[in-house]
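The block underneath contains the structure these notes are about, expressed in structure tokens.
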Amino acid sequence: MNAPLTLAQAVSQDAAVNVTPRGSDYETVRRVIELITLDYRDQPSLETIAAELDQSPTQLQKVFTRWAGLSPKGFLQAVTLDHAKRLLGREGMPLLETAFEVGLSGPGRLHDLFVTHEAMSPGEWKAKGAGLTIRHAFHPSPFGLALVMATDRGLAGLAFADQGGEAACFEDMRRRWPNAEYIEDREATRPYVGRIFNRAEWSRDRPLNVVLIGTDFQVSVWQSLLKIPFGRAVTYSDVANDIGKPKANRAVGAAIGANPISFVVPCHRAVGKSGALTGYHWGLTRKRAILGWEQGEG
DNA sequence: GGAATCATGTGAT
DNA sequence: ATCACATGATTCC
């Protein structure tokens with residue numbers, strides 16, 4: 001363990017927080033992810049990790065595998081820079097252009113095209129949500145407490161909160177559409193989490209409706225993200241090329257960062273050209289956790 | 001290999 | 001106008 005304690009503490013705060021029914025297990029998983037994320041350069045062994053958490057290697061292995069669908073070793077490999085590069089695919093492959101077609105013709109596991117989206121009109125965007133009723137509530141998710149926001153037209157926002165960070169998280173989202181009317185509604189929002197975080201519930205026959213509220217540029221970027229197949233990744237410049245503005249790679253980064261429906265609009269599948277995970281609005285640890293989870297599921 | 005530097009498009013103030 | 005960016009390429013050590 002060569003990372004300074006302060007850094008470990010910092011990441012600890014940004015990691016997913018235990019709120020699931022299997023409480024203590026999740027805490028274990030969270031700490032494993034955090035440890036691996038911090039120390040992946042050293043490729044720590046299962047024994048090392050277990051010793052760090054003061055648990056038996058076999059027990060740790062079992063708990064982690066049940067949640068993540070892959071062993072700690074597998075997860076470690078999934079988090080490595082090499083792996084991110086592999087997700088990018090072989091050179092020159094126009095991943096984004098073909099994604100749509102592949103998703104439709106494939107066996108249905110290839111692509112999470114279970115999302116139908118509609119964009120708000122520019123007028124509605126300028127009104128900053130005026131006239132819109134947004135129902136919202138926090139629910140447990142595998143990646144921490146999830147804030148769900150929905151209009152009668154579909155899912156409009158999905159955010160993650162750390163322990164005690166609920167208010168800040170809500171404010172973060174509210175700032176985007178300050179003129180909307182907000183109603184806390186656990187009943188109306190609960191079905192969304194069940195659908196979104198259980199892959200078994202993803203179905204082309206029963207698409208999830210999402211509402212993209214943003215500028216024209218942002219919406220085009222988000223639509224491009226929706227074309228990235230499950231368990232794959234693209235670079236920020238790939239997206240810039242895909243929307244026909246090859247020089248706007250930096251602007252693309254900003255637009256991806258502003259994505260209000262995290263996870264569903266897979267902003268975690270955008271990485272730097274080197275394969276490095278460059279940033280995530282809800283914490284880099286969470287980005288790695290989600291990509292690792294996709295690796296196990298895929 | 002890194003750190004520093006620059007060109008760059010968008011969106012917010 | 002000006003500024004901040006979840007970038008990327010180039011140019012120095």
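Computed over heavy atoms, backbone and side chain alike; hydrogens, waters and symmetry mates excluded. Protein chains get the first letters and strands the later ones, always in sequence-line order, with residue 1 at the start of each. None of the values given here were measured: they were computed from a predicted structure.
Salt-bridge formation is detected for the pair A:Asp242/A:Lys227: a Lys NZ or Arg NE/NH1/NH2 atom is positioned less than 4.0 Å from an Asp or Glu carboxylate oxygen.
When DNA chain B is scanned in the 5' to 3' direction for atoms under 4.0 Å from non-hydrogen atoms of chain A, the outermost contacting nucleotides are B:dA7 to B:dA12. Bracketed by its first and final contacts, the part of DNA chain C lying under 4.0 Å from non-hydrogen atoms of chain A reaches from C:dC5 to C:dA9 in 5' to 3' order.
Contact annotation for A:Ser274: no contact, since no heavy-atom pair falls under 4.0 Å across all strands. Residue contacts shown for A:Tyr280 include a base, since a base heavy atom lies under 4.0 Å away.
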- Please step through side-chain contact (heavy atoms from CB on, under 4.5 Å) for the pair A:Val264 and A:Leu208, ending with a clear verdict. CA-CA 9 Å; A:Val264 174; A:Leu208 175 73; 4.1 Å; yes

- CA sep, side-chain torsions, deciding dist, call: A:Phe143, A:Trp282, side-chain contact (heavy atoms from CB on, under 4.5 Å): CA-CA 10 Å; A:Phe143 306 104; A:Trp282 308 108; over 6 Å; no

- Task: Determine, stepwise, if the pair A:Leu225 / A:Arg269 fulfils side-chain contact (heavy atoms from CB on, under 4.5 Å).
- Result: CA-CA 8 Å; A:Leu225 290 180; A:Arg269 292 183 201 146; over 6 Å; no

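Contacts of A:Phe64 classified as ring pair (Phe, Tyr, Trp, His ring centres under 6.0 Å), with partners at least two apart in sequence or in another chain: A:Phe75. Taking A:Arg174 as the reference, nothing meets the salt bridge (charged side-chain N to carboxylate O under 4.0 Å, His left out) condition, with sequence neighbours excluded. Applying the side-chain contact (heavy atoms from CB on, under 4.5 Å) test to A:His136 and every residue at least two apart in sequence or in another chain returns A:Leu147, A:Met149, A:Phe170, A:Tyr182, A:Glu184. Not counting sequence neighbours, the partners of A:Glu187 by the salt bridge (charged side-chain N to carboxylate O under 4.0 Å, His left out) test are A:Arg190.
Nearest heavy atom pair, residue A:Ala255 against residue A:Phe217, reads CB-CE2, 3.9 Å. Minimum interatomic distance between A:Gly272 and A:Thr278 (heavy atoms only, all atoms of both residues): N-OG1, 3.9 Å. Of all heavy-atom pairs spanning A:Ala240 and A:Ala248, the tightest one is CB-C, 4.0 Å.
Residue pairs meeting the side chain to side chain donor-acceptor pair (under 3.5 Å) criterion with at least one partner in residues 144-156 of chain A, sequence neighbours excluded, are A:Glu118-A:Arg153, A:Glu124-A:Arg153. Within the structure, the side chain to side chain donor-acceptor pair (under 3.5 Å) test picks out no pair touching residues 244-259 of chain A (sequence neighbours left out). Listed by first and then second residue, the salt bridge (charged side-chain N to carboxylate O under 4.0 Å, His left out) pairs that reach into residues 128-150 of chain A are A:Arg135-A:Asp185, sequence neighbours excluded.
At a non-hydrogen distance threshold of 4.0 Å, nothing from residues 167-179 of chain A comes into contact with DNA chain B. Within a heavy-atom distance below 4.0 Å of DNA chain C, the residues of residues 243-255 of chain A found are A:Asn249, A:Arg250, A:Gly253.
With 3.5 Å as the limit, one finds a donor-acceptor pair spanning the side chains of A:Thr189 and A:His139.
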- Go ahead and write out DNA chain B as dot-bracket, 5' to 3': ( ) for pairs within the strand, [ ] for ones crossing earlier pairs, | when the partner sits on another strand, dots for unpaired; Watson-Crick or G-U wobble, both distances under 3.5 Å. |||||||.|||||

